[in-house]
**Q** 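Have a look at the structure that comes next, please.
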Amino acid sequence: MAEKEIARYVQDLKDEWGPLLKVSPLLELDDTWPSLGVIDLLTFCTRDRETLLSALEPMMKGCAAYLAVQVGRCWKRFCDDVSFEETADGIAVIGRGGEFIPEGERLRYPVEKEFRQVLEAVPNPLPMFKRFDIPLAGEGNVVSLLGLSMAIGLGPAVQGPWENYQPGEQTPWVDAVVRQIAGECASHYGRVFPDEPVGQVAELYLAGLLYPPPLYGERLPFFRAVEQFLELFKEYRFSAGAVRQFGYNLSRSPDPILSSMGLVLSGALAETMPPPEVLAAAWTKGRYMGLLRPAMVRFRKGFLELSDWVPTGLQSEQDELRFAIESEMGFLPWLQLDPGRLKAGDYNRLMPIVSAACDFNLQAGIKAIDEILEQEPEDLSLRIQRVKFETIGGDIERAERMLGSLVSEPGASRYPRLFNLWGQCLLAKSDPEGAKRRFLEGLKAAEKVPLLAAELANNAAWSGILLGETEQPLALIEQGLEATPCPVTLLLNKAAILWELRDFDSIRETRLRVFELAPCDRRVFASLALTDAALRQLQDEFFQQVQ
């Protein structure tokens, strides 16, 4: 009886959300492992809430059932009998029999109970196994990681004979589970990208990628996967172009582990600026991208035999392009220096600063800058980098005072990054009017730096939106769209203005464009609430008002 009820919960979820999720093949609830990332997107609005709106209850029940079915399918690889039960605590998966569960005992996982508890107060780091917690990247995917711990049967809430087991200890069933997940990853890839064969090879997903999870038994994420990928790609003799396309496609996956590995491959093999959809996937990771840089550098060295530019500086046009790619993809989130400062010659004394920024070593970076500034306090570029470190440390007040001092220096108006940092500080202090003024000052100075100009235009537009403006922010957004390689944030801000203007046709057009680029971006996904039916209703109300 429980199985039929749980199947009904899942079907109700698909019936309700299926039509909206068709906006992108990446979002289809196709019963494969990567689709748990879509469950995470659906339930993000419920995070860190003690009480749940009653209207969201059917969706939560359907998502819990979907997760339970996925876990049950994995358990069938090591249990003779897998069933479900629904009690006052919600849906649970039950496993009996097989080589690894003693006769007369049962393995039980209270899937729904833990699912709801984790979302109600998301822990960071997230407990995946006993004595192993995994740090979350900002507003990162929780459900997929939680599902992995459940599917392996070693999550903290497991009940039964495995309660004291650890990953790697007496767990021969793990290989069977991971093979199940790998096959589903290959199937999902084949459905979304049918013309790209590399990602349809299930063996790739077994190469240290899915299990153990990133950071389990490694100092930095994805080093284990990179080493095994290097061996497999050489064995299969995949070309750099084929692997690059695989990376581009994988980066867009709703699964956090797959998408991160895709970004590692994309960054390592990109010969030109990656396409907008790849940049959009990178931007959703935030500063976590910096943690992926060492794995990216290792893969680039192992696959292409190309060394990192950090130890030597930018010595060629190819190095300068490499710097631009890494900057735009977010691999250098702490670095504020202009590329002109990173060329051979002056670079030797700056290398410790760059190295510290790449290693996320804030104190080492500050010390290296302060030593130079003691001798050369007039170096505005380094002083701006120093302010960047201050904002990373969280002292916004001190950063703003340092910027105020900087702006009075001769030649300061030629540094658009100064004004961009200043505007960001003012936004953090809830001063959009002051922020807008600084962003616009920076925009004037960024004429020859198109990528930075696009960022400044967007920031100035957002400040205007916060002030209730429409005309100037819309013009700034159009200006930014002409310069940016990835327009997702600009398009989202444009949609916000169009909503205020009740320009429904343009809203639909903008919404479709942004879903083509970044369907798994939380901000983009949230716009699913703006269904065509809702837009039609608002349009009717608007026309009634003007009549």
Side-chain angles (χ1 to χ4, degrees), residues 124-125 133-140 214-215 218-223 260 264 267 282 285-298 307-314 323 326-327 329-343 346-407 409 412 415 417-429:
N124 194 1
D133 301 343
I134 188 167
L136 300 175
E139 297 178 343
L215 291 175
E218 58 183 1
R219 189 176 66 87
L220 290 169
F222 294 97
F223 260 76
S260 293
V264 167
K285 302 285 184 181
R287 288 182 180 175
Y288 182 73
M289 286 297 297
L291 291 177
L292 300 181
R293 187 177 190 278
M296 180 272 292
V297 170
R298 172 68 188 103
S307 300
D308 187 17
W309 61 268
V310 169
T312 59
L314 306 179
F323 175 80
E326 291 185 22
S327 296
M329 289 190 71
F331 285 113
L332 305 167
W334 283 17
L335 203 58
Q336 197 73 26
L337 293 171
D338 292 318
R341 296 295 305 271
L342 305 179
K343 295 182 179 180
D346 186 43
Y347 183 71
N348 284 342
R349 65 194 187 113
L350 299 181
M351 196 271 282
I353 301 170
V354 177
S355 181
C358 291
D359 291 341
F360 284 79
N361 191 333
L362 185 59
Q363 294 307 314
I366 289 174
K367 180 182 178 183
I369 284 185
D370 287 348
E371 289 176 354
I372 297 177
L373 289 179
E374 283 182 9
Q375 305 297 321
E376 302 176 41
E378 73 284 356
D379 192 326
L380 297 187
S381 180
L382 281 185
R383 288 170 66 184
I384 293 169
Q385 177 65 64
R386 180 66 175 80
V387 175
K388 176 67 174 180
F389 283 150
E390 207 64 48
T391 63
I392 292 167
D395 195 338
I396 301 300
E397 295 287 349
R398 186 162 190 263
E400 188 183 5
R401 290 195 300 271
M402 293 169 71
L403 289 164
S405 174
L406 264 170
V407 79
E409 297 283 349
Y415 289 87
R417 284 184 172 82
L418 185 160
F419 297 100
N420 196 30
L421 273 174
W422 200 346
Q424 291 169 6
C425 288
L426 292 170
L427 278 182
K429 294 178 63 179

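From a predicted model like this one, the values you see are computed outputs, not experimental measurements.
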**Q** Locate the shortest heavy-atom distance separating Leu215 from Pro135; write the atom from each residue and the value.
**A**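 Answer, listing the atom of Leu215 first, then Pro135: CD1-CG, 3.6 Å.
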
**Q** Whether Asp346 and Arg349 form a salt bridge (side-chain N of Lys/Arg under 4.0 Å from carboxylate O of Asp/Glu) is what I want to check.
**A** yes

**Q** On a heavy-atom basis, which atom in Gln385 and which in Gln336 lie closest, and how many Å separate them?
**A**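 Closest heavy-atom pair between Gln385 and Gln336: OE1-N, 2.5 Å.
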
**Q** Does some side-chain heavy atom of Ile392 sit less than 4.5 Å from a side-chain heavy atom of Lys388?
**A** yes

**Q** What are the two closest heavy atoms between Gly404 and Val407, and how far apart are they?
**A** O-CG1, 3.3 Å

**Q** Mind telling me whether Tyr347 and Trp309 have parallel, tilted or perpendicular rings, with 30° and 60° as the class edges?
**A** tilted

**Q** Working to the nearest 0.5 Å, report the span between OG1 of Thr391 and CH2 of Trp334.
**A** 10.0 Å

**Q** Look up atom CD1 in Ile384 and atom CH2 in Trp422, then write down how far apart they are to the nearest 0.5 Å.
**A**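 Answer for the CD1-CH2 pair, Ile384 versus Trp422, is 11.5 Å.
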
**Q** Counting C-beta onward and ignoring hydrogens, is there a side-chain heavy-atom pair between Arg341 and Leu350 closer than 4.5 Å?
**A**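 When only atoms from C-beta onward are counted, Leu350 and Arg341 do touch, with a gap below 4.5 Å.
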
**Q** Could you pull out every donor-acceptor pair under 3.5 Å between side chains of residues 355-373 and any protein atom, sequence neighbours left out?
**A**
| residue | atom | partner | partner atom | Å |
| --- | --- | --- | --- | --- |
| Asn361 | OD1 | Ala364 | N | 3.1 |
| Asp370 | OD1 | Arg386 | NE | 2.9 |

**Q** Under the criterion side chain to side chain contact (heavy atoms under 4.5 Å, CB included), I'd like the reasoning laid out for Met296 against Met329: C-alpha separation, chi angles, the key distance, then a yes or no.
**A** CA-CA 12 Å; Met296 180 272 292; Met329 289 190 71; over 6 Å; no

**Q** I need the Leu382 CG to Ile353 CD1 distance, nearest 0.5 Å.
**A**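 That separation rounds to 5.0 Å.
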
**Q** Where do Ser260 and Leu292 come nearest, in terms of heavy atoms and distance?
**A**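 Reported closest heavy-atom pair: O-CD1, 3.9 Å.
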
**Q** With rounding to the nearest 0.5 Å, note down the distance linking CD in Glu390 to CG in Leu403.
**A** 10.0 Å

**Q** One pair to check against side chain to side chain contact (heavy atoms under 4.5 Å, CB included): Leu332 and Phe323. What are the steps and the verdict?
**A** CA-CA 9 Å; Leu332 305 167; Phe323 175 80; 3.7 Å; yes

**Q** So do Arg383 and Ser405 actually touch side chain to side chain, heavy atoms under 4.5 Å?
**A**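 SC-SC contact between Ser405 and Arg383 confirmed.
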
**Q** Looking only at non-hydrogen atoms, find the nearest pair between Asp338 and Ser381 and report the distance.
**A**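 Scanning both residues completely, I find the closest heavy atoms to be N-OG, 4.5 Å.
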
**Q** About how many Å separate CG of Asn124 and CG of Leu136, when rounded to the nearest 0.5 Å?
**A**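 Answer rounded to 0.5 Å: 4.0 Å.
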
**Q** Listing request: all ring-ring contact (aromatic ring centres under 6.0 Å, His included) pairs with a residue in residues 361-386, at least two apart in sequence or in separate chains.
**A** none

**Q** Which heavy atom in Phe222 sits nearest to a heavy atom in Pro214, and how many Å separate them?
**A**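 Distance-wise, the nearest heavy atoms are CZ-CG, 3.7 Å.
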
**Q** Please tell me if the side chains of Arg293 and Val310 come closer than 4.5 Å, counting only heavy atoms from C-beta onward.
**A**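 Yes, their side chains come closer than 4.5 Å.
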
